[in-house]
Structures are given as C-alpha cells and as structure tokens.
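What follows is a set of notes on a single structure, which appears directly below.
Bear in mind the structure is a predicted one, so any value in this text is a computation, not a measurement.
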Amino acid sequence: MEKHFTDSRVKGVSTGTTILAAVFDRGVVIGSDSRASIGGEYVSSKTINKVIQVHDRIFCCMAGSLADAQAVTKTAKFQLSFHSIQMESPPLVISAASVLKQLCYNNKEELQAGFITAGWDKKKGPQVYVVSLGGMMISQPVTIGGSGSTYIYGYVDAKYKVNMTREECLQFATNALALAMGRDNVSGGVANLVVITEAGVEHIVIPGDKLPRFNDE
C-alpha cells in the first residue's frame with residue numbers, strides 16, 4: 001500500500017501490498033500484509049490495516065493509493081449503511097462490490113485504487129469479488145492482488161482447492177501472505193486475516209516473526 005503525493009498521471013502509483021481472499025466450505029477468508037510505503041522507496045508504516053469492514057459480514061482489501069482507497073471505502077460504508085436501513089436487511093456482498101465498482105468507474109480518471117471484496121450473505125453464502133482500477137468487477141473463488149501477488153501465483157494455483165475446511169483455508173492464506181512478504185520488499189509487517197461465516201466474524205493477526213518460513217533467511 002502506498003501513500004502518494006505526486007501527480008499519478010506523471011509517475012503512476014505502485015500497489016506496494018499483498019492482498020488476498022479465498023472461499024472455503026461455508027465461509028471466506030480475506031487478508032493482507034500491513035506495510036505502507038511512500039513512492040515504493042521507503043516504509044512509512046508497518047501497521048496499516050488494509051482489511052476494512054464495510055458492513056457486518058462484508059470486508060474489503062485495498063491496494064494502490066492509500067488516500068484514494070480510504071476515501072472510497074468510507075463512502076461505500078456510508079452508502080451500504082443507508083441501503084441496509086432502507087431495505088431493513090443487511091446488504092448482499094455483490095451489492096457492496098457494486099458500490100465500490102460504481103465509485104471506481106465514476107472516478108476512474110482520478111482514482112488509483114483497486115479492491116477485493118469478500119463476505120457472506122443469506123442469498124449466496126460466501127463470495128469474493130475483485131474491483132480493479134477503472135471499475136471492472138468479477139467474481140472468483142480465490143484472488144490475489146498487489147505487488148506481492150506476482151510472487152505467489154504459482155502457489156495459489158497449485159494449493160487452492162474448492163470446499164477447503166476453515167483450517168485449511170486459513171493455512172493457505174497464511175502461507176501465501178508469508179511467501180509474498182518474504183519476497184516483496186514493499187510487503188511486510190503482520191498478516192491481518194478475517195474469517196467470515198454465517199456464525200460471525202473472526203479477526204486474526206499473525207506477527208511477522210510468527211509467520212511460516214520457507215527458506216533460510
């Protein structure tokens with residue numbers, strides 16, 4: 001995740017982060033690292049929370065410009081809260097993703113941020129949606145994003161399985177984040193994970209020194 005202060009039309013914005021979400025049997029895991037960098041050149045914070053709750057059982061991860069992403073999630077959270085009051089029921093996960101999609105599309109010339117939305121609702125159960133730069137939205141059972149994701153596509157393709165148990169999915173997500181954080185110099189800190197099921201939400205924080213290691217570093 002990057003805090004940027006330059007004109008993005010001139011320099012562009014690095015997505016210095018690792019974010020992911022994966023569906024398992026009866027639930028979903030969403031998570032990220034916690035490092036923020038300025039210009040991709042030095043670490044400005046080791047404790048940024050990139051897993052944002054936008055409603056009771058709906059969370060999103062953000063990548064790109066921190067300021068842009070925080071502005072979008074704050075607006076989306078307000079709209080979803082208002083929507084749930086009007087409908088007298090919790091919003092669907094696809095509704096939350098659609099709100100993010102519309103905000104990104106309507107402001108595509110100014111925003112430099114992408115999102116992963118994950119959650120659980122009574123209609124479709126656990127779901128994961130990707131909202132990319134420009135406002136494209138797709139549904140996937142597992143997805144990764146940010147600069148650290150380039151190091152773990154092979155791991156994700158090889159290890160993700162449909163209908164994993166909660167424990168298997170948590171281990172999969174933890175391993176994927178650990179691998180990315182070990183290779184990507186702008187991903188790091190702690191692993192923030194959220195498990196979302198019909199029963200509720202569980203937050204899990206794994207310190208950097210407790211993450212699994214896959215080499216002798």
Side-chain angles (χ1 to χ4, degrees), residues 1-5 8 13 15-23 27-36 38 44-45 47-140 143 145-146 192-205:
M1 178 65 64
E2 177 186 333
K3 296 178 181 178
H4 76 107
F5 304 96
S8 61
V13 177
T15 57
T17 187
T18 303
I19 57 177
L20 61 81
V23 173
V28 62
V29 173
I30 184 170
S32 75
D33 72 313
S34 65
R35 180 175 290 178
I38 294 180
S44 58
S45 175
T47 57
I48 290 291
N49 181 19
K50 305 172 191 177
V51 185
I52 307 300
Q53 186 172 20
V54 293
H55 209 268
D56 294 346
R57 286 182 174 82
I58 306 173
F59 287 73
C60 71
C61 278
M62 48 193 184
S65 163
L66 181 60
D68 290 353
Q70 287 179 331
V72 171
T73 54
K74 184 177 181 179
T75 303
K77 191 172 183 178
F78 170 79
Q79 290 190 15
L80 290 170
S81 177
F82 187 65
H83 173 74
S84 67
I85 293 172
Q86 285 184 311
M87 302 301 293
E88 297 184 344
S89 65
L92 301 177
V93 181
I94 192 171
S95 298
S98 297
V99 169
L100 289 169
K101 176 195 75 171
Q102 199 64 41
L103 289 168
C104 289
Y105 180 78
N106 290 343
N107 301 280
K108 59 181 178 292
E109 300 298 329
E110 290 80 29
L111 293 177
Q112 292 286 333
F115 302 89
I116 294 174
T117 305
W120 185 97
D121 61 49
K122 291 183 178 180
K123 186 174 182 179
K124 290 188 176 181
Q127 300 149 72
V128 171
Y129 295 91
V130 182
V131 178
S132 62
L133 293 172
M136 182 184 74
M137 185 182 82
I138 57 175
S139 174
Q140 294 180 308
T143 189
N192 288 309
L193 296 165
V194 177
V195 183
I196 312 163
T197 63
E198 181 179 7
V201 173
E202 179 183 0
H203 297 260
I204 300 170
V205 178

- Query: Pick from I52, T73, V130: which one makes a side-chain contact (heavy atoms from CB on, under 4.5 Å) with F115?
  - Reply: T73
- Between D33, N192, L66, which is the residue that forms a side-chain contact (heavy atoms from CB on, under 4.5 Å) with K50? D33
Mind listing the closest non-hydrogen atom pair of [X] and [Y] along with its distance?
X    : Y    : value
A36  : I48  : CB-CG1, 3.5 Å
A76  : L100 : CB-CD2, 3.8 Å
G146 : I19  : N-CG1, 4.5 Å
G27  : P126 : O-CB, 3.2 Å
P90  : S84  : CA-CB, 4.5 Å
C61  : V51  : SG-CG2, 3.7 Å

- Item | Note, E198 side chain near R57 side chain (heavy atom, < 4.5 Å) | no
- Within residues 49-86 or reaching into it, pairs that qualify as ring pair (Phe, Tyr, Trp, His ring centres under 6.0 Å) - sequence neighbours excluded: F59-H203
Rounded to the nearest 0.5 Å, what separates atom [atom1] in [X] from atom [atom2] in [Y]?
X    : Y    : atom1 : atom2 : answer
Q112 : C104 : CD    : SG    : 10.5 Å
I116 : S132 : CD1   : OG    : 11.0 Å
D56  : I196 : CG    : CD1   : 11.0 Å
M87  : L80  : CE    : CG    : 12.5 Å
S98  : Y105 : OG    : OH    : 14.5 Å
I58  : Q53  : CD1   : CD    : 9.5 Å

- Query: For the side chain of T75 and the backbone of A71, is there at least one donor-acceptor N/O pair under 3.5 Å apart?
  - Reply: yes
- Residue pair V72, M62: steps toward the side-chain contact (heavy atoms from CB on, under 4.5 Å) verdict: CA-CA 10 Å; V72 171; M62 48 193 184; over 6 Å; no
- Does any pair with a residue in residues 114-125 pass side-chain hydrogen bond (donor to acceptor under 3.5 Å, both in side chains), and if so which ones, sequence neighbours excluded? D121-Q127
- Message: Can you tell me if K74 has over 12 outside heavy atoms packed within less than 6.0 Å of its NZ?
- Response: no
- Message: Walk me through whether M137 and I94 qualify under side-chain contact (heavy atoms from CB on, under 4.5 Å).
- Response: CA-CA 10 Å; M137 185 182 82; I94 192 171; 4.1 Å; yes
